[in-house]
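One structure below.
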Number of protein chains: 4
Amino acid sequence: MNTAPERREEILATAAEVFAAQGYRATTVRRIADAAGMLAGSLYYHFDSKESMLDEILSGFLNELWARYDAVLGSGLGPRETIEALVTESFREIDRRRDAVAIYQKEARHLQDQPRFAYLAASQVKFEKAWLGTLERGVAERAFRADLDVRLTYRFLRDTVWVAASWYRPGGQHSPEEIARQYLSMVLEGITLRE
Amino acid sequence: MNTAPERREEILATAAEVFAAQGYRATTVRRIADAAGMLAGSLYYHFDSKESMLDEILSGFLNELWARYDAVLGSGLGPRETIEALVTESFREIDRRRDAVAIYQKEARHLQDQPRFAYLAASQVKFEKAWLGTLERGVAERAFRADLDVRLTYRFLRDTVWVAASWYRPGGQHSPEEIARQYLSMVLEGITLRE
Amino acid sequence: MNTAPERREEILATAAEVFAAQGYRATTVRRIADAAGMLAGSLYYHFDSKESMLDEILSGFLNELWARYDAVLGSGLGPRETIEALVTESFREIDRRRDAVAIYQKEARHLQDQPRFAYLAASQVKFEKAWLGTLERGVAERAFRADLDVRLTYRFLRDTVWVAASWYRPGGQHSPEEIARQYLSMVLEGITLRE
Amino acid sequence: MNTAPERREEILATAAEVFAAQGYRATTVRRIADAAGMLAGSLYYHFDSKESMLDEILSGFLNELWARYDAVLGSGLGPRETIEALVTESFREIDRRRDAVAIYQKEARHLQDQPRFAYLAASQVKFEKAWLGTLERGVAERAFRADLDVRLTYRFLRDTVWVAASWYRPGGQHSPEEIARQYLSMVLEGITLRE
DNA sequence: TATGAATGAGCTTTCATTCAT
DNA sequence: GATGAATGAAAGCTCATTCAT
């Protein structure tokens, strides 16, 4: 199962693309193989199973994401700046691994019940801790409004950011940073015009 | 195919529940039948295929939704009030048909390529027209900020509302109207504390 | 998985026949289905898997065998009569379930490592206890020779009986009881002519 | 296909070991290669197929066996001494090629229908001729009992000897010759104590 | 001599669907 | 209205084998 890393990555990228486009279940192993220019059986030289491809895609994404998040969280920023940095890193990750994010979005919920994908639930918990904690700190430090339900705000922010993977196309007219800036502006200031 | 309407509705509700929990593809007809207390083959007395169950669930949801939306859009409200009404109706619909909304969220994108589900794409277009139009009117009438990309704002709003179906539980601590009010407050005013 | 018992038994008998003739691994599910007059997939209405057919065949055989053995062992016979009765019951079982015995013979050794087939090993242990015990009792009571290695004698007897399944054909010229009588005569008296 | 004979023999011994332990069909070429410290494809430098390994194992065993048997049969012994010599040679062969004998035992029956393995059937015939002939000669010469079915006696002897391969471990507490002596004692004199 | 990568045929299994009863 | 049994297509996966390097 350990092959030339480049070929693995190629196949994995192909698989991610197809999974994201058609859904994991609806994707046949044959379809991935076609897209990778080989026969279905040949995939099994590189990977144990369809599921293990999914696993690598998802864990690869989460590992990278958490490396960035941890850097942000460890750098001693204030609540508002932390939120800004997390949102920006999220959009950058969507830019880097759009397919993985889209798959995560669609499949994480039922996958996390399987032992193999327990790390999805674990990540979810860490995620909540990081965002919710920052929001609460912001309320305490009078950076954020106190009249909003924090959990609701958390979900709002979280969903808002990740759902973007469903329409985002890398190389489009807005850079990830630009999208992040606009999102943050909406979330932080609201869309109402103030004069 | 025409049976006592209550039995149909029961089965449909069951199917929606399972589809929402496991995904359409991953749901077997047998699982639905189990949950409905019958054998798999017996479902075919009421419906002619698994796909037609999905179809009824989705179109039932969209028909209801558009009846409400059309009422809002035809009532001559200003842009801000229109947005408020649409968001509120959306959360009410999530409250009424949580499963259908969750299914829609997950499956609409690839279903809309099939002729049978072309109405999903059509609805999407109408949807965009309604929301985007309202936002543009709001910018023109100086109700909304002009410095934000309107398409981005549209997507932001749209996603934000519907994704809620993934965590919303009817009968929870917040009523749909209360959730709508908080969401609107965030979107319209932002989460930043202003003194 | 619970269907009309007659159909199950029919299919099981067919499967046993094919397993015995070609070996478990070499037998395809399609071949069993062909012989049973159905399509491969249809077997799965009645059974969970190819392995579960094997399981039922083997456990059915062992259950029946042990019912008979236990009756013999509990009836207070002397060592020689016990051996005679066990051998006779064994040949009767071969007559009744030739295929199952042949499969057992060929496959038991490697199957017993799998948890599902642990009962094969358990049966083996009980088996040894019964036969070896009887032989030892026979030696103690001066019914059997003391100059032979008892374990060797045990293996000799055990193998000798069961291997017969590989050539025995029900309805042949000798009844199971007649074969048992000849086998016993050889084992007990030897083949040497004494005058 | 012609390589250093030592490497071939090594691989063949490895293959025989795995075949004997797991069964021919259940053994993958990769498993053999693993055990031989190479990759699956590399085996094909030495052998042209999995089947040809089996072929060499089996024919190697039979050739050696027949060389010994022929020596015994050509040496003009009486029936009892012939049986004794054949049994002894058989146990020596089990000692030398335990795996091959075990494979033979399990696979010969269905292999012999394939043209490639027709020699298995031929050997079987020769075998029967030698043993059955000796037994008949023994009955005629009043060395063996006349009241036993000779064919049954033949099968009894044959099976009894070869099945030992399934439990025999070279280097165990009994030498092949010792095992042969005990077996012969049982078969010739019976296990009953005579005073 | 051996490796790494691929092939292709065939395997067990799943599942939506049908239909006589 | 529902059951029990079967169909048939397609799925994921295995594995002996090939072959350029």
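Each chain gets a letter, A, B and so on, in the order the sequences are listed, and its residues count up from 1.
- Between the CZ atom of B:Arg25 and the P atom of E:dA16 there is a distance of 10 Å, given to the nearest Å.
- One atom, NE2 of A:His46, and another, P of F:dC13, lie 15 Å apart when rounded to the nearest Å.
- As a whole-Å value, the separation of C:Leu43 CG from E:dC11 C1' is 14 Å.
- Shown here for A:Arg8 and A:His46, the closest heavy-atom pair between the two residues is NH1-O, 2.8 Å.
- Between C:Leu39 and A:Glu51, the residue whose closest nucleotide on DNA chain F is further toward the 5' end is C:Leu39.
- Residue B:Thr27 is classed as a sugar-phosphate contact, given heavy-atom separations below 4.0 Å to backbone atoms only.
- C:Met38 has its CE atom 12 Å from the C1' atom of F:dG4, to the nearest Å.
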**Prompt:** Yes or no on side-chain contact (heavy atoms from CB on, under 4.5 Å) for C:Met53 and C:Leu43, after CA distance, side-chain angles and deciding distance?
**Reply:** CA-CA 10 Å; C:Met53 293 187 223; C:Leu43 287 174; 3.9 Å; yes

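- A donor and an acceptor atom, one from each side chain of D:Asp55 and D:Tyr119, are located under 3.5 Å apart.
- Picking from F:dC13, F:dC15, F:dA2 the nucleotide with the shortest atom distance to the side chain of D:Thr28 gives F:dC15.
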Distances under 3.5 Å between nitrogen or oxygen atoms of protein and nucleotides 18-21 of chain F:
none

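- In this structure, A:Val29 reaches the sugar-phosphate backbone alone: every heavy-atom distance under 4.0 Å involves primed, P, OP1 or OP2 atoms, never a base.
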**Residues B:Leu120, B:Leu62; criterion side-chain contact (heavy atoms from CB on, under 4.5 Å); working and verdict** = CA-CA 8 Å; B:Leu120 293 174; B:Leu62 283 179; 3.6 Å; yes

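- Residue C:Arg7 places at least one side-chain N or O under 4.0 Å from the OP1 or OP2 atom of F:dA6.
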**Asked** Which dot-bracket string fits DNA chain F when only Watson-Crick or G-U wobble pairs with both atom distances under 3.5 Å count, crossing pairs get [ ], and | stands for a partner on a different strand?
**Response** .||||||||||||||||||||

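- Spacing between atom OH of C:Tyr45 and atom C1' of F:dG4 amounts to 4 Å, rounded to whole angstrom units.
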